[in-house]
Number of protein chains: 2
Amino acid sequence: MNNFDKPSVLVIEDEAPIRRFLKLTLSDHGYSFHEALNAREGLSKIASEQPSLVILDLGLPDMDGIELTREIREWSKVPIIVLSAREQEKDKVLALDAGADDYLTKPFGVQELLARARVAIRHAAKSPPQADSIVTFGQVKIDFGKRLVTFNDTELHLTPNEFKLLAALVRHAGRVITHTQLLREIWGSEYTDETHYLRVYMAQLRRKLETDPAQPRHLITEPGVGYKLKLD
Amino acid sequence: MNNFDKPSVLVIEDEAPIRRFLKLTLSDHGYSFHEALNAREGLSKIASEQPSLVILDLGLPDMDGIELTREIREWSKVPIIVLSAREQEKDKVLALDAGADDYLTKPFGVQELLARARVAIRHAAKSPPQADSIVTFGQVKIDFGKRLVTFNDTELHLTPNEFKLLAALVRHAGRVITHTQLLREIWGSEYTDETHYLRVYMAQLRRKLETDPAQPRHLITEPGVGYKLKLD
DNA sequence: TTTCGTCTTTACGAATTCTTGACGCTTTAT
DNA sequence: ATAAAGCGTCAAGAATTCGTAAAGACGAAA
């Protein structure tokens, strides 16, 4: 659902090693990662994070995984991939019929999981020709699905870094994001000291998106801390 | 697609015993059954029978199953479940990225196959009906049914790769598609670094489809990201 | 075998984007 | 008040990415 730039995955898994493993592989492959340690937390995070995919371990402490699948399906269409140690056919049939979209037996291969994740997300993207997630502020409109930004309804061009920065700001709209956090999200964690980059790119964004770049109304500096995007 | 009475399944499989076995089980479980013994026959029966699901064996005599999957996906969204004796992860990834919706290793359980068939058909039921097979932009007209492209009403010839690239662009018309995504859809997931392929084929497409190839109005470059097709 | 069409690979100039440093302004600390 | 630090702006050179043509590789058909 979160159409900004990266697809996001919610992993519901109580075993820490597998969770860590999934976090690494998924983050490495361009997914933003969220986690829940039990069914209850999983349900609430599906609602709050709106992930584009749920990966769900059947053996959770507080609720049967099949039951959880059914609960999710009562109100959400988010793709679900079930992981399980159980290889019996009966389990697979139950999970799939409960509403799961795929079923993988542990141990599974990373590449296969990633490929099946792509299939699940591809399905979801095609389903209802859902409206793109569009964010507006001032005279600016951002269509993340089309990667299109308009100012006063005239299309304008953003470079990759400009767009990534804008996306990061939108992702955390309304709140302050620290320099470190922004640099990590856009350039990677080796660049957390290059606050210089932010100054240059914020200036470029303001020049393109603000009516008066010298008096920004939306791309706000939080001195000594970071930046924030004011919507409205 | 045949939503009226029974869902129909097309099995593309050269080994007679498996074919017979599938025929029995599927018929027993309320599916109407069609069969094809090779890839060529499979392609033509998908067009003529419009099945609601294709079950496809990778080891066909006349064409690589992965390639067949990709060919089907150029013009059809019918759900595809791949059967294979090969359990290697690489094969699964290739098939799934080529457009298959699921992958089962032989020997497989009947109940599991049936459950996965239900999932596939459930997905298809949710997605919107087949997209229009004729697309126009500028002076270009594309008829996907006939695999025919005209410029100013004069027919012009596209090579297989040119056509695949164009089809991928049309499939995502209006939005930016990343290099990785295009390469994955056209050449497969092992080619995601060969961005130079895109450059030469985009150039060839522009030469054939744009009035002024140096100033493209429809086949647009998004520097550092990918390409997009602007209709209108 | 040759021929033909297509695909793959290479090379290089052109275009775009990124990085870097300089400079001046403002705010904060001393 | 002065110094120091943080910020905004600009622009030049570096680095990357693109477009294009053309040559070699490959396979199918004659």
Side-chain angles (χ1 to χ4, degrees), chain A residues 147 149 156-167 169 176-180 182-183 185-188 190-228, chain B residues 40 62-64 67 70-71 74 147 149 156-169 176-183 185-188 190-228:
Chain A
R147 198 187 179 281
V149 182
L156 51 83
H157 178 73
L158 297 193
T159 71
N161 280 349
E162 288 167 1
F163 193 85
K164 285 186 207 166
L165 177 55
L166 180 58
L169 290 165
V176 180
I177 327 171
T178 64
H179 299 134
T180 312
L182 281 172
L183 287 164
E185 289 194 27
I186 296 156
W187 279 270
E190 316 146 71
Y191 289 76
T192 45
D193 291 328
E194 318 286 324
T195 58
H196 196 132
Y197 287 9
L198 292 178
R199 292 210 292 286
V200 173
Y201 279 95
M202 282 301 293
Q204 288 178 358
L205 272 187
R206 289 207 257 249
R207 191 142 37 96
K208 292 183 178 179
L209 303 180
E210 292 278 4
T211 317
D212 178 3
Q215 305 287 322
R217 294 176 33 80
H218 302 100
L219 300 163
I220 309 294
T221 303
E222 212 67 39
V225 188
Y227 295 90
K228 78 171 171 185
Chain B
R40 195 182 33 74
D62 58 337
M63 188 192 285
D64 174 43
E67 197 41 49
R70 231 173 252 131
E71 295 248 343
E74 276 172 37
R147 199 189 176 288
V149 182
L156 52 80
H157 174 73
L158 296 194
T159 71
N161 278 351
E162 287 168 2
F163 190 81
K164 286 183 201 173
L165 178 55
L166 179 58
L169 289 164
V176 177
I177 327 171
T178 63
H179 299 133
T180 311
Q181 205 176 339
L182 281 171
L183 288 164
E185 290 192 22
I186 296 158
W187 280 270
E190 328 166 88
Y191 288 78
T192 46
D193 291 327
E194 318 288 314
T195 56
H196 56 275
Y197 285 13
L198 293 178
R199 274 187 265 127
V200 350
Y201 279 97
M202 282 300 294
Q204 289 176 359
L205 273 186
R206 289 207 257 246
R207 196 143 33 112
K208 293 184 178 179
L209 303 179
E210 292 277 3
T211 318
D212 177 4
Q215 304 286 322
R217 295 177 33 79
H218 301 100
L219 301 164
I220 308 294
T221 302
E222 211 68 38
V225 186
Y227 294 90
K228 77 172 170 187

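Keep in mind the model is a prediction, meaning the values are calculated, not measured. Convention: sequence-line order gives letters A, B, ...; per-chain numbering from 1.
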Problem set entry | Gap between atom CD of B:Glu210 and atom CD1 of B:Ile220 - 0.5 Å precision | 6.5 Å

Problem set entry | Bending between helix ends of the helix from C:dT1-D:dA30 to C:dT30-D:dA1 [5 pairs per end, 10° resolution] | 30°

Problem set entry | Side chain of A:Tyr201 - closest among C:dT8, C:dC18, C:dT6 | C:dC18

Problem set entry | B:His157 vs C:dT6: side-chain N/O to OP1/OP2 distance below 4.0 Å | yes

Exercise. Is atom OH of A:Tyr191 surrounded by more than 12 heavy atoms (other residues, nucleotides or ligands) closer than 6.0 Å?
Worked result: no

Problem set entry | Phosphate OP1/OP2 of D:dG8: any A:Thr221 side-chain N/O under 4.0 Å | yes

Exercise. Rounded to whole angstrom units, what separation is found between the CD atom of A:Gln204 and the P atom of D:dA11?
Worked result: 12 Å

Exercise. Considering residues at least two apart in sequence or located in another chain, which fulfil the salt bridge (Lys or Arg N to Asp or Glu O under 4.0 Å) criterion with B:Glu162?
Worked result: B:Lys208

Problem set entry | Approximate separation, where rounding is to 0.5 Å, of B:Arg217 CZ and B:Leu209 CG | 14.0 Å

Seminar exercise, completed: One should read off an interatomic distance between A:Arg206 CZ and A:Asp212 CG, to the nearest 0.5 angstrom, of 11.0 Å

For this session: Please check the phosphate of C:dT19 (OP1 and OP2 only) for any side-chain N or O of A:Trp187 closer than 4.0 Å.
Result: yes

Exercise. With nearest nucleotides of DNA chain C determined for B:Asn161 and B:Gly224 from heavy-atom distances, which residue corresponds to the more 5′ nucleotide?
Worked result: B:Asn161

For this session: Rounded to the nearest 0.5 Å, what's the gap from CG on B:Asp193 to CG on B:Leu183? Could you check?
Result: 8.5 Å

Exercise. Between C:dT19, D:dC7, C:dT16, which nucleotide gets closest to the side-chain atoms of A:His179?
Worked result: D:dC7

For this session: Measure the CD1-OH distance between A:Ile186 and A:Tyr201 for me, rounded to the nearest 0.5 Å.
Result: 10.0 Å

Problem set entry | Interatomic distance, A:Asp193 CG vs C:dT20 P [rounded to whole Å] | 13 Å

Seminar exercise, completed: In whole angstroms, the gap separating C1' of C:dC7 from CG of B:Leu183 amounts to 14 Å

Exercise. Under 4.0 Å: is that the gap between some side-chain N or O of A:Tyr227 and OP1 or OP2 of D:dG8?
Worked result: yes

Problem set entry | Protein-nucleotide distance (A:Glu162, atom CD; C:dC18, atom P), rounded to Å | 7 Å

Exercise. Counting only side-chain N and O atoms of A:Tyr197, is one of them less than 4.0 Å from OP1 or OP2 of C:dC18?
Worked result: no

Exercise. Is any side-chain N or O of B:Arg206 closer than 4.0 Å to OP1 or OP2 of D:dG19?
Worked result: yes

For this session: Would you kindly give the CD1-to-P distance between A:Ile186 and C:dT17, to the nearest whole Å?
Result: 17 Å

For this session: Send over the distance from B:Arg199 CZ to D:dT20 C1', rounded to a whole Å.
Result: 10 Å

Exercise. Whole Å only: how far is the CE atom of A:Met202 from the C1' atom of D:dT9?
Worked result: 14 Å

For this session: Side chain of A:Thr159 only, please: which of D:dC10, D:dC7, C:dC18 is the nearest?
Result: C:dC18

Exercise. To the nearest angstrom, how far is B:His196 atom NE2 from D:dC18 atom P?
Worked result: 13 Å

